[in-house]
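Notes follow the structure.
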Amino acid sequence: MPKIIKNGQIVDDGWQVLKLADDQTVESIAIPEDPVLLPLAVWLARREDILSRGVPHGVWLDSSEGPEAIAGDLEQLAVIGVNFPKFTDGRSYSTARLLRERYGYRGEIRAIGDVLQDQLFFMKRCGIDAYALRADKDSNAALASLRDFSETYQAAVDQPQPLFRRRTV
Amino acid sequence: MYRYDSIDQQLINERVAQYRGQIDRNLAGALSDDELRPLRLQNGLYIQRHGPMLRIAIPYGMLSATQLRKLAEISRRYDRSIGHFTTRQNMQLNWPKFEETPEILGELASVEMHAVQTSGNCIRNITTDQFAGIAPDELTDPRPYCEVLRQWSTFHPEFAYLPRKFKIAVNAAAQDRAVIRAHDVGLEIVSNAAGEIGVKVFVGGGLGRTPVIGKVINEFLPRRHLLSYLDAVLRVYNRYGRRDNMYKARIKILVNALGIDEFKRQVDAEWAHLKDGPTTLTDDEFDRVARHFTPPAYVTLPADDLSFATALKDDKAFAAWVKRCVHAHKVSGYAAITLSLKAPGVAPGDITDTQMEAVADLADRFSFGELRVTHEQNVVLSDVRKSDLYEVWKIARANGLATPNIGLLTDMICCPGGDLCALANARSVPIADAVQKQFDDLDYLYDIGDISLNISGCMNSCGHHHVANIGILGVDKNSEEWYQITVGGQQGNSTTIGKVIGPSFYADEVPQVIAALIDVYIEQRTTSERFIDTFLRLGLAPFKQRAYAGRDKRKIAAAESAETETAPLTKVANA
């Protein structure tokens with residue numbers, strides 16, 4: 001079974017990420033009978049159908065898709081994926097923070113796509129708590145980078161108070 | 001100046017450890033070159049034409065003598081005993097070894113220095129007025145604001161992978177000396193009718209291939225909201241700035257595409273959620289940081305010093321230096337001085353290890369052990385007694401640091417250019433050298449008076465040529481080096497983008513073209529006019545006409561055809 005980093009540990013994970021191939025449409029794509037992260041467009045078009053199946057489901061947002069479109073659906077989503085098409089595309093950091101800080105989402109936010117060790121610390125700070133590392137990378141090594149820094153200057157999801165409100169001198 | 005507490009130090013130490021691990025993984029093959037690239041850039045490491053270049057951060061230009069001595073030592077041990085100051089008040093080393101860069105960062109950390117975010121698509125080193133804290137025309141010391149911004153921007157988790165780099169400058173003086181209108185965000189510290197301190201925020205300025213003057217997005221932002229407001233600006237940019245074309249990825253393109261009103265509406269909508277949240281700054285925090293910048297132990301001195309007055313009268317060379325390199329200070333009996341790094345035959349902004357040590361000694365002996373780097377690539381000693389100026393000048397002169405040309409034509413801003421930089425289309429240092437040689441008569445330079453001449457080796461515009469009275473831009477046409485000339489740019493409160501005078505020139509034509517432009521000014525000026533004033537009165541035409549007068553017809557034809565045939569350059573910043 002594939003493994004992901006979740007809550008600071010390496011764990012088995014059975015979720016699939018469904019992607020629309022070029023010859024598939026939102027209406028025609030088959031939705032597996034296993035836990036699945038759906039493309040936003042599929043979720044928006046087939047929400048009632050998906051809810052009626054009773055299978056765990058979530059949605060993944062591409063970096064160009066903000067959280068606004070699912071703001072009203074958060075209670076129905078066990079997992080929200082935020083995609084990093086390239087690790088240098090930083091939009092999903094904002095998406096994750098908005099999901100946590102603006103919309104109060106408490107479920108799992110999972111980084112998918114080009115997810116690499118050296119970005120995990122910032123992802124964690126932005127409220128991402130599960131990381132589907134790119135398949136060729138070493139999860140054990142990556143785990144350590146969640147603790148690259150022992151303090152932080154800014155307020156963010158993991159530490160809502162900026163350092164200047166916590167300094168003792 | 002700001003001194004690290006144990007947390008600041010720990011963070012920088014952890015950064016060195018993180019970077020060391022990244023380099024080790026790269027050398028071991030576990031981290032590809034492409035994966036390392038943005039990581040090393042955010043630690044100042046470029047891979048250049050001849051090898052790596054390391055850009056060391058000098059936050060808002062402030063250095064202690066101890067730090068400068070460390071830079072001298074590093075340049076000697078790990079480089080070729082030379083450093084180069086940049087327009088972001090940073091220092092570049094041009095010959096470090098890739099494998100030794102973690103060690104260099106470790107050395108820097110031992111003196112509270114680093115190379116964090118001196119490159120990459122993130123918030124870069126904050127810059128400000130080199131006369132911060134001592135300028136007679138300032139409202140308040142901008143450095144506490146800069147330090148608050150430094151901490152906020154350092155390892156900001158949401159904004160480490162922006163569409164493109166993001167530069168912030170701060171000014172708190174009546175006369176802007178930090179070019180804030182040519183920054184992604186420019187911050188002017190102001191006060192309102194009630195005497196409350198706030199910030200006038202400019203957004204969407206920048207040089208590069210599409211020069212734009214920043215637009216006012218907020219006339220008065222109470223200072224406590226500074227960080228939450230910038231979080232809102234950056235979030236809108238991070239989400240909606242273009243990522244499909246790196247030449248259109250700066251915030252200025254987004255601001256222009258939306259229009260400032262719509263951009264402001266989006267920022268305000270975002271800010272409505274962030275305003276008054278935990279990121280709201282406290283007076284306690286401003287006070288805590290400001291305590292690091294309390295004035296040094298000035299002694300009470302008369303405004304005029306007899307020995308200084310005597311030396312001025314008796315020594316013409318000293319008097320010439322004082323006229324150009326000594327600046328007003330708000331404390332009686334003190335002055336600030338600029339040590340020129342624009343000596344003839346030296347690449348503008350370059351400083352040797354022994355010069356660094358000489359400057360550090362001068363700072364220790366005469367200026368409370370501190371100094372500043374200017375965005376014009378010189379060094380400032382900010383707190384020198386007038387009675388010490390003659391002695392300081394003699395030492396500076398003995399070390400090649402007293403060229404009396406600050407604000408004159410040879411005080412050029414110049415990027416490293418094609419000799420070193422992998423991005424450059426043309427060399428810039430030989431052009432600076434040729435201009436130095438053309439204008440080697442100091443009396444003539446004084447007669448020309450205040451003028452700015454800046455040189456960039458490519459469209460990335462590191463040499464700020466757009467905002468110079470005379471700008472020189474290196475362009476590549478059919479693999480030949482050509483130079484485009486602009487006239488009429490200005491920095492400061494009336495920041496203006498210069499106008500291109502016409503087809504580009506060959507390198508060997510440039511000094512004559514500059515001479516022709518100067519001739520027009522000398523012939524046409526009124527008694528009180530600076531070059532820029534004459535230009536504003538006369539317009540481009542007489543300058544253009546003279547620049548091309550008598551020029552080889554064949555060369556003009558070649559330049560014009562090259563201009564139309566050559567596609568825009570394809571080299572990309574952030575090598």
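Keep in mind it's a predicted model, so treat the numbers as computed, not measured. In what follows, chains carry the letters A, B, and so on, assigned in the order in which the sequence lines appear, proteins first and then strands, with residues in each chain numbered from 1.
A donor-acceptor contact closer than 3.5 angstrom is absent between the side chains of Q10(B) and Y4(B).
The part of Q154(A) that comes within reach of chain B is its side chain, from C-beta onward, which places non-hydrogen atoms under 4.5 angstrom from that chain. Contacts between E270(B) and chain A at a heavy-atom distance below 4.5 Å involve backbone atoms as well as side-chain atoms. Contacts of R15(B) with chain A are made by both backbone and side-chain atoms, with heavy-atom separations under 4.5 Å. For a residue to count as touching a neighbouring chain, one of its non-hydrogen atoms must lie under 4.5 Å from one of that chain's; by this rule Q151(B) touches chain A with backbone and side chain alike. Only the backbone of A30(B) comes within contact range of chain A, judged by heavy atoms closer than 4.5 Å. Contacts of Q22(B) with chain A are made by side-chain atoms alone, with heavy-atom separations under 4.5 Å and no backbone atom involved. For chain A, the nearby parts of L11(B) are the backbone and the side chain; heavy atoms of each come within less than 4.5 Å. Of the two parts of S6(B), neither the backbone nor the side chain holds a non-hydrogen atom closer than 4.5 Å to a non-hydrogen atom of chain A.
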Walk me through it: do D129(A) and R106(A) pass the test salt bridge (Lys or Arg N to Asp or Glu O under 4.0 Å)?
CA-CA 10 Å; D129(A) 54 2; R106(A) 289 162 163 272; over 6 Å; no
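Ranked by non-hydrogen atom pairs under 4.5 Å with chain A, the options H156(B), R235(B), R243(B), Q18(B) are led by R243(B). Highest contact tally toward chain B, considering only S150(A), A156(A), P160(A), is held by S150(A) [criterion: heavy-atom pairs under 4.5 Å]. Put simply, of V289(B), N13(B), L227(B), L281(B), the one with the most heavy-atom pairs under 4.5 Å next to chain A is L281(B). Each of E101(A), Q119(A), K124(A) has some count of heavy-atom pairs under 4.5 Å with chain B, and the biggest count is that of Q119(A). Top candidate by heavy-atom pairs under 4.5 Å with chain A, chosen from T279(B), L234(B), D284(B), is T279(B). Among the candidates L162(B), V148(B), T154(B), L31(B), the residue making the largest number of heavy-atom pairs closer than 4.5 Å to chain A is T154(B).
Between D114(A) and R134(A), at least one side-chain nitrogen of the basic residue sits less than 4.0 Å from a carboxylate oxygen of the acidic one, meeting the salt-bridge criterion. Note on R53(A) versus E33(A): salt bridge recorded, some NZ/NE/NH1/NH2 to OD/OE distance being below 4.0 Å.
Atom OH of Y103(A) sits about 14.0 Å away from atom CZ of R97(A), to the nearest 0.5 Å. Within the model, atoms CD1 of I251(B) and NZ of K165(B) stand 14.5 Å from one another, a figure rounded to the nearest 0.5 Å.
Of all residues spanning residues 57-64 of chain A, none has a heavy atom less than 4.5 Å away from chain B's heavy atoms. Residues of residues 5-27 of chain A lying under 4.5 angstrom from chain B, judged on non-hydrogen atoms, do not exist.
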Name every donor-acceptor pair, under 3.5 Å, that has one atom in a side chain of residues 67-74 of chain A and the other anywhere in the protein, sequence neighbours excluded.
{"from": "E68(A)", "atom 1": "OE1", "to": "R239(B)", "atom 2": "NH2", "distance (Å)": "2.9"}
{"from": "E68(A)", "atom 1": "OE2", "to": "R239(B)", "atom 2": "NH1", "distance (Å)": "2.8"}
{"from": "E68(A)", "atom 1": "OE2", "to": "R239(B)", "atom 2": "NH2", "distance (Å)": "3.3"}
{"from": "D73(A)", "atom 1": "OD1", "to": "R47(A)", "atom 2": "NH1", "distance (Å)": "2.5"}
{"from": "D73(A)", "atom 1": "OD2", "to": "W43(A)", "atom 2": "NE1", "distance (Å)": "2.7"}
{"from": "D73(A)", "atom 1": "OD2", "to": "R47(A)", "atom 2": "NH1", "distance (Å)": "2.6"}

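Between Y145(B) and F286(B), the distance separating the two ring centers is shorter than 6.0 angstrom. Aromatic ring centres of Y93(A) and F84(A): separated by under 6.0 Å.
In this structure, the side chains of L45(B) and Y19(B) come closer than 4.5 Å at one or more pairs of heavy atoms.
Applying the side-chain contact (heavy atoms from CB on, under 4.5 Å) test between V115(A) and each of I4(A), I128(A), L120(A) identifies L120(A) as the sole match. With respect to F155(B), the ring pair (Phe, Tyr, Trp, His ring centres under 6.0 Å) criterion is satisfied by exactly one of F149(A), F121(A), F122(A): F149(A).
The ring pair (Phe, Tyr, Trp, His ring centres under 6.0 Å) search around F166(B) returns Y237(B), not counting sequence neighbours.
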